[in-house]
Amino acid sequence: RARKERVGKPESVVGVDLPGGADVVDLNGIEWERTIGEIRAAFFAIRRAAASMTERGVVGRILVLVPAHAVRPSRGCGPDAIAGSFLTTVGQVAAVELAPKGIRVNVVVYGPLEGTAPERVAEAVPTGRLVRAREVGDVCALLAAPEADAVNGAVVAVDGGYVVTKAGGGSPFARSN
């Protein structure tokens with residue numbers, strides 16, 4: 001069967017965004033079910049995208065966006081850390097399984113975003129500032145480009161160096177340190 005070349009834009013972008021401020025041990029049943037629901041929805045979105053591309057013979061990209069807490073857990077960000085870690089693994093497994101079909105799957109780890117993260121968090125970022133949404137979009141565009149065909153299963157951080165550091169004195173996201 002002939003394969004349709006469709007690169008230059010991602011076929012599918014999947015992500016989760018759970019409200020912060022919760023420690024895992026403090027989650028109530030409703031909050032836990034919401035976390036699992038977000039994970040489930042993202043997992044099935046990845047699955048649907050892969051099935052659709054395979055069915056249509058499309059060579060394409062799936063980008064999985066997860067918060068920095070997926071690779072750098074912080075106090076007060078338990079649901080994001082759990083969801084992001086799970087989806088990072090799903091993305092990497094999907095990358096291995098879908099590569100022979102011409103589908104590339106990569107994970108973009110976004111750092112604390114301007115306009116959503118408290119300004120005090122910038123102190124925990126080596127660049128001294130929060131990440132701009134446009135910067136995350138630019139990296140997504142790069143990963144979707146034909147020139148990135150060899151990039152598969154990568155976990156790319158767009159975070160100003162946040163995931164490779166530890167905040168002095170605890171998490172800048174926690175309500176109280």
Side-chain angles (χ1 to χ4, degrees), residues 3-20 22 24 27 32-74 77-113 116-117 125 131-165 173:
R3 300 194 71 70
K4 297 177 191 170
E5 194 71 24
R6 185 168 182 187
V7 293
K9 68 176 186 171
E11 181 75 17
S12 185
V13 179
V14 177
V16 292
D17 186 29
L18 294 163
V24 171
L27 288 177
W32 176 248
E33 288 302 321
R34 178 163 183 243
T35 299
I36 297 303
E38 290 283 335
I39 293 169
R40 185 180 296 111
F43 168 78
F44 283 110
I46 293 167
R47 189 170 168 240
R48 280 190 307 274
S52 173
M53 283 187 261
T54 300
E55 230 173 66
R56 295 177 291 131
V58 171
V59 173
R61 308 287 192 267
I62 297 173
L63 300 177
V64 181
L65 276 66
V66 299
H69 311 297
V71 292
R72 180 190 166 193
S74 296
C77 298
D80 265 350
I82 291 167
S85 296
F86 177 82
L87 291 173
T88 296
T89 302
V90 168
Q92 290 180 310
V93 171
V96 171
E97 294 175 354
L98 296 171
K101 298 175 182 182
I103 300 169
R104 304 295 180 252
V105 183
N106 291 292
V107 178
V108 176
V109 178
Y110 59 88
L113 293 173
T116 62
V125 179
V131 176
R132 296 177 187 104
R134 175 189 47 77
E135 294 168 319
V136 176
D138 289 347
V139 170
C140 289
L142 173 68
L143 290 171
E147 294 80 8
D149 191 53
V151 182
N152 187 46
V155 178
V156 180
V158 184
D159 67 348
Y162 179 77
V163 299
V164 296
T165 65
F173 288 94

Taking only residues two or more places apart in sequence, or in another chain, which ones meet Leu27 in a side chain to side chain contact (heavy atoms under 4.5 Å, CB included)?
Ala22, Glu31, Trp32, Pro79

Is the closest side-chain heavy-atom distance between Val109 and Pro67 below 4.5 Å?
no

Name the residue from Asp149, Leu143, Leu63 that meets the side chain to side chain contact (heavy atoms under 4.5 Å, CB included) definition with Arg104.
Asp149

Interatomic distance, OG1@Thr35 vs CG@Asp80, rounded to 0.5 Å, equals 8.5 Å

Hey, are the side chains of Cys140 and Tyr110 touching, using non-hydrogen atoms and a 4.5 Å cut-off?
no

Considering residues at least two apart in sequence or located in another chain, which fulfil the side chain to side chain contact (heavy atoms under 4.5 Å, CB included) criterion with Val158?
Val108, Val131, Glu135, Val136, Val139

Salt bridge or not for Arg132 and Asp138, using N-O below 4.0 Å?
no

Val64 and Val66, any side-chain heavy atoms less than 4.5 Å apart
yes

Residues in side chain to side chain contact (heavy atoms under 4.5 Å, CB included) with Val90, at least two apart?
Phe43, Ile46, Phe86

Going by the rule side chain to side chain contact (heavy atoms under 4.5 Å, CB included), which residues pair with Ala154 if we only count those two or more places apart in sequence or in a different chain?
Asn106, Val151, Val156

Give, for atom CE of Met53 and atom CG of Leu98, the distance between the pair rounded to the nearest 0.5 Å.
7.5 Å

Given 3.5 Å as the limit, does a donor-acceptor pair link the side chain of Ser85 with the main chain of Ala81, or not?
yes

Any donor-acceptor pair under 3.5 Å linking the side chain of Arg72 with the backbone of Thr165?
yes

Heavy-atom pair with the smallest gap, counting every atom of Asn152 and Ala99:
ND2-CB, 3.5 Å

Tell me if a side-chain donor or acceptor on Thr116 pairs with a main-chain N or O of Leu113 at a distance below 3.5 Å.
yes

